[in-house]
Amino acid sequence: MLPFKLIYSDQYFLPIGQHVFPAEKYRRIHDQLIEMGVGDPTDFIAPQAASDQDILLVHKPAYVNKLKTGTLSAIEELQMEIPYSPGLANAFWLAAGGSILAAENALKDGVAVNIGGGFHHAFPDHGEGFCMIHDVAVAIRRMQRDSKICTAMIVDCDVHHGNGTAAIFAGTRTQSEPLPSSSSPVVGGKPLMRGTHAGDVFTISLHQENNYPQQKPPSSIDVDLPDGITDDDYLAWLDNALSSGLRHFTPDLICYIAGADPYREDQLGGLSLTIEGLKNRDELVFRVARSKGIPVMVTYAGGYAQRVEDTVTIHCNTVVAAREVFAEV
Ligand SMILES: [Zn+2]
């Protein structure tokens, strides 16, 4: 039995037909974790859908109403890049409920993994890039509303920039000390790390610069990675971003978005991490969180490997890494 919970439902499946997003990955991760003996059935807990009230902590009433009534315009649906259906909306409400449950369990156990979620391209008033509802933002706002946390830090390691995250939390930024330029290493004369300042939610995004989304609204720290970066360089940048962030901000909860798409065989990514490198990445985040005594909740976001089994393995390894770090006495 694991010393933490895995949040999962068969209803996480996204009914989007033939699509580059492997909607069946959630079920396959669940099955593989059991087959590998990493988790047993009692490690999994099933979420309930978030309430409309929870969703409205982040999203605009007009947008939520369109999702509830199936009245998105054709352009809004195109921008979301997944075909709307009431069933799809249900799956996103459930993913948000899963992230709320993961946050609650992380506060109890030190870590919890939502075998889903991480829909970081959703904005308050529209969906984008396969994301309808920003489940992580909903979970943070719900934990704050319940007075379970005051502050949070999002560590987004999906290959794509967390534009929805940056937009949602930009509005709450307050003036604070800017990041010292000395902490922004320079590669090839061009600073890769851009820092602004944080309010109650500090956002870190490590992403490939030459990739979707074209517009990258500022996170608290953005690390604009060059194409083709490999394991060691990536880990150094992550280490750097985490230490810079945690020097300036001590969150009550870390929300780790563990995208599988920095993988070198990803169809929508242009970085060159190996499966082993991605597991080391997960371990690094967990070790830092544990050493600082900050609870961490995990969501999965993207993963578009040519072989779906690679995406599934990368996501399963995140649970293995959490077990290695959090089972240590
Ligand atoms: Zn992605």
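Counting starts at 1 for both ligands and their atoms, following the listed order.
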Inset, instruction - List in chain and number order the residues that pass side-chain hydrogen bond (donor to acceptor under 3.5 Å, both in side chains) with Y63, two or more places apart in sequence or in another chain; answer none if no residue qualifies. - result: none

Inset, instruction - Quick one: report the N, O or S atom of D158 that is nearest to the Zn ion (ligand 1). - result: OD1

Inset, instruction - Report yes or no: does H160 have an N/O/S atom closer than 2.8 Å to the Zn ion (ligand 1)? - result: yes

Inset, instruction - Identify whether the distance between the nearest side-chain nitrogen and carboxylate oxygen of R141 and D200 falls below 4.0 Å. - result: yes

Legend entry - D261 atom (N/O/S) at minimal separation from the Zn ion (ligand 1): OD2

Inset, instruction - Would you tell me whether D158 and H207 have side-chain atoms, one donor and one acceptor, within less than 3.5 Å of each other? - result: no

Inset, instruction - Quick one: list whatever passes ring-ring contact (aromatic ring centres under 6.0 Å, His included) with Y300, sequence neighbours left out. - result: H315

